[in-house]
Amino acid sequence: MVKCKLLKTLKNAVFYIVIILLAALCLFIIISKKNGNPPFFFGYTVMWVKTESMEPEIPRQSYILIKRAKAQEIRKNDIITFISDDPLIKGYYNTHRVIEIKGNNEEFVTKGDNNFGEDKYTAKADNIVARYIRVLPFLSGAGKFLSSEIGIMSVTMLMLGLMVLLYLPDMYKGLRLKQTIQEEERKKELDRIFKEEIEKLKAENAEKDDRV
């Protein structure tokens with residue numbers, strides 16, 4: 001009995017952990033892709049790069065690992081993430097390479113490796129957010145997959161499959177118990193009908209005896 005309860009508790013724990021992890025991953029992907037402003041953990045975070053402006057270093061639709069950095073730490077040729085003053089993307093993060101530093105790390109001229117010219121607007125020191133570390137291929141693949149219709153359907157089917165696998169034994173036991181109860185009730189009903197018929201036969205026989 002204790003073993004069964006422990007096994008059931010373990011199954012429930014595994015199920016909820018998987019659901020929470022999947023939900024957290026989906027939520028993180030949705031938030032980071034929607035506003036480009038994910039939270040930092042211990043100075044690191046993951047950023048979604050939508051465009052091909054940094055190819056081949058950073059492929060289009062990739063997740064990258066970045067580390068929080070101050071303007072004084074930035075050097076020429078570093079790839080940085082900064083809040084852009086470009087009216088087209090103002091307020092959002094941009095990730096480009098530093099090709100020139102102005103003043104005492106006060107302004108940074110940036111350029112996408114795959115762009116023909118430098119960025120029209122410089123990155124101000126106060127707008128520097130982080131320095132690029134590396135591309136995350138696995139997470140990038142997961143992000144592309146989970147953002148697609150087939151990915152969403154697959155995750156949904158996976159969650160449903162896990163629910164079935166974890167709770168199928170309990171469902172089977174429940175059905176068997178229901179069948180057993182129904183069979184017992186049917187048997188009781190048959191016994192009741194049989195007894196009633198016996199009583200009727202006895203009564204009829206008694207009437208015949210009285211007539212004789």
Side-chain angles (χ1 to χ4, degrees), residues 17-156:
I17 288 172
V18 171
I19 294 299
I20 290 171
L21 289 176
L22 285 173
L25 178 60
C26 292
L27 183 63
F28 182 83
I29 288 173
I30 291 170
I31 292 175
S32 63
K33 289 171 69 175
K34 183 177 180 181
N35 59 24
N37 188 20
F40 281 82
F41 298 97
F42 303 104
Y44 292 87
T45 193
V46 174
M47 180 73 61
W48 175 253
V49 177
K50 299 179 181 179
T51 70
E52 65 280 357
S53 66
M54 281 301 296
E55 289 184 343
E57 177 69 30
I58 304 175
R60 177 177 173 270
Q61 292 188 337
S62 293
Y63 273 106
I64 60 173
L65 179 67
I66 59 176
K67 182 181 180 181
R68 191 184 295 279
K70 297 179 180 179
Q72 296 300 322
E73 300 171 356
I74 304 303
R75 300 292 180 265
K76 186 177 179 179
N77 289 324
D78 283 348
I79 298 175
I80 61 172
T81 297
F82 57 95
I83 301 173
S84 177
D85 286 332
D86 189 330
L88 295 176
I89 55 174
K90 187 173 178 62
Y92 285 86
Y93 287 2
N94 194 13
T95 301
H96 278 175
R97 190 182 300 277
V98 175
I99 61 173
E100 182 184 346
I101 299 175
K102 293 185 176 181
N104 185 22
N105 284 44
E106 295 170 358
E107 287 186 64
F108 302 85
V109 180
T110 56
K111 175 183 177 298
D113 289 356
N114 197 36
N115 292 347
F116 290 108
E118 66 186 39
D119 296 335
K120 185 176 180 181
Y121 297 86
T122 59
K124 305 297 189 298
D126 292 340
N127 289 341
I128 302 301
V129 176
R131 183 168 54 224
Y132 163 80
I133 303 297
R134 63 188 297 269
V135 172
L136 301 172
F138 176 78
L139 192 58
S140 299
K144 292 176 184 178
F145 179 71
L146 291 175
S147 62
S148 65
E149 290 185 4
I150 190 171
I152 295 171
M153 290 177 61
S154 298
V155 171
T156 303

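Remember, it's a predicted structure, so these values are computed and weren't measured experimentally. Computed over heavy atoms, backbone and side chain alike; hydrogens, waters and symmetry mates excluded.
- Using a 4.5 Å cut-off on side-chain heavy atoms (C-beta onward), Lys124 and Asp85 make contact.
- Counted within 6.0 Å of NZ on Lys67, heavy atoms from surrounding residues, nucleotides or ligands total 12 or fewer; the atom is thus considered open.
- Using a 4.5 Å heavy-atom threshold, the side chains of Tyr92 and Ile83 count as separate.
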**Message:** As a quick check of understanding, evaluate salt bridge (Lys or Arg N to Asp or Glu O under 4.0 Å) for Lys120 and Asp86, giving each step before the final call.
**Reply:** CA-CA 8 Å; Lys120 185 176 180 181; Asp86 189 330; over 6 Å; no
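- Pairing each heavy atom of Ile66 with each of Tyr132, the nearest pair is CG2-CA, 3.9 Å.
- Considering every non-hydrogen atom in both Val135 and Pro59, the closest pair reads CG2-CD, 4.1 Å.
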**Request:** Check step by step if side-chain contact (heavy atoms from CB on, under 4.5 Å) holds for Lys76 and Glu100.
**Result:** CA-CA 6 Å; Lys76 186 177 179 179; Glu100 182 184 346; 5.8 Å; no
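- For the residue pair Lys50 and Arg60, the shortest heavy atom distance occurs at O-CG, 3.0 Å.
- With rounding to the nearest 0.5 angstrom, the CE atom of Met47 is 13.5 Å from the OG atom of Ser62.
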**Prompt:** Going through the distances and angles, do Ser53 and Asn114 end up as a side chain to side chain donor-acceptor pair (under 3.5 Å)?
**Reply:** CA-CA 5 Å; Ser53 66; Asn114 197 36; over 6 Å; no
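- Looking at heavy atoms from C-beta onward, Lys102 lies in side-chain contact with Val109 at the 4.5 angstrom threshold.
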**Request:** Take Thr122 and Phe108 through the side-chain contact (heavy atoms from CB on, under 4.5 Å) test and state the conclusion after the steps.
**Result:** CA-CA 5 Å; Thr122 59; Phe108 302 85; over 6 Å; no
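- Between Asp78 and Arg97 there is no salt bridge, since no side-chain N of the basic residue sits under 4.0 Å from a carboxylate O of the acidic one.
- Using a 4.5 Å heavy-atom cutoff, the side chains of His96 and Ile80 are not in contact.
- Panel note: side chain Arg131, backbone Glu73; a donor-acceptor pair is recorded below 3.5 Å.
- Heavy-atom minimum distance, Asn105 versus Ala71: ND2-O, 2.7 Å.
- In this structure, Tyr121 OH and Leu88 CG are separated by 8.0 Å, a value rounded to the nearest 0.5 Å.
- Listed for the Lys111 side chain is a donor-acceptor partner under 3.5 Å among the backbone atoms of Asn115.
- When side chains are defined from C-beta on, Val98 does not count as touching Arg75, because their heavy atoms never get closer than 4.5 Å.
- Listed by chain and number, the residues in a side-chain hydrogen bond (donor to acceptor under 3.5 Å, both in side chains) with Ser84 amount to none (sequence neighbours excluded).
- For the atom pair OG1 (Thr95) and CH2 (Trp48), the distance works out to 13.0 Å, reported to the nearest 0.5 Å.
- Put simply, CG on Asn94 and CG on Asn127 are 11.5 Å apart, with the number rounded to the nearest 0.5 Å.
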**Prompt:** Under the side-chain contact (heavy atoms from CB on, under 4.5 Å) criterion, do Asn104 and Gln72 qualify, and how do the steps go?
**Reply:** CA-CA 8 Å; Asn104 185 22; Gln72 296 300 322; 3.8 Å; yes
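- The CG atom of Leu136 sits 5.5 Å away from atom CG of Leu65, with the distance rounded to the nearest 0.5 Å.
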**Message:** What verdict does the side-chain contact (heavy atoms from CB on, under 4.5 Å) test give for Thr110 and Ile99, after you've listed the backbone C-alpha separation in whole Å, the side-chain angles of each residue and the deciding distance to 0.1 Å?
**Reply:** CA-CA 6 Å; Thr110 56; Ile99 61 173; over 6 Å; no
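- Smallest separation of non-hydrogen atoms from Ile128 and Lys70: CG2-C, 4.4 Å.
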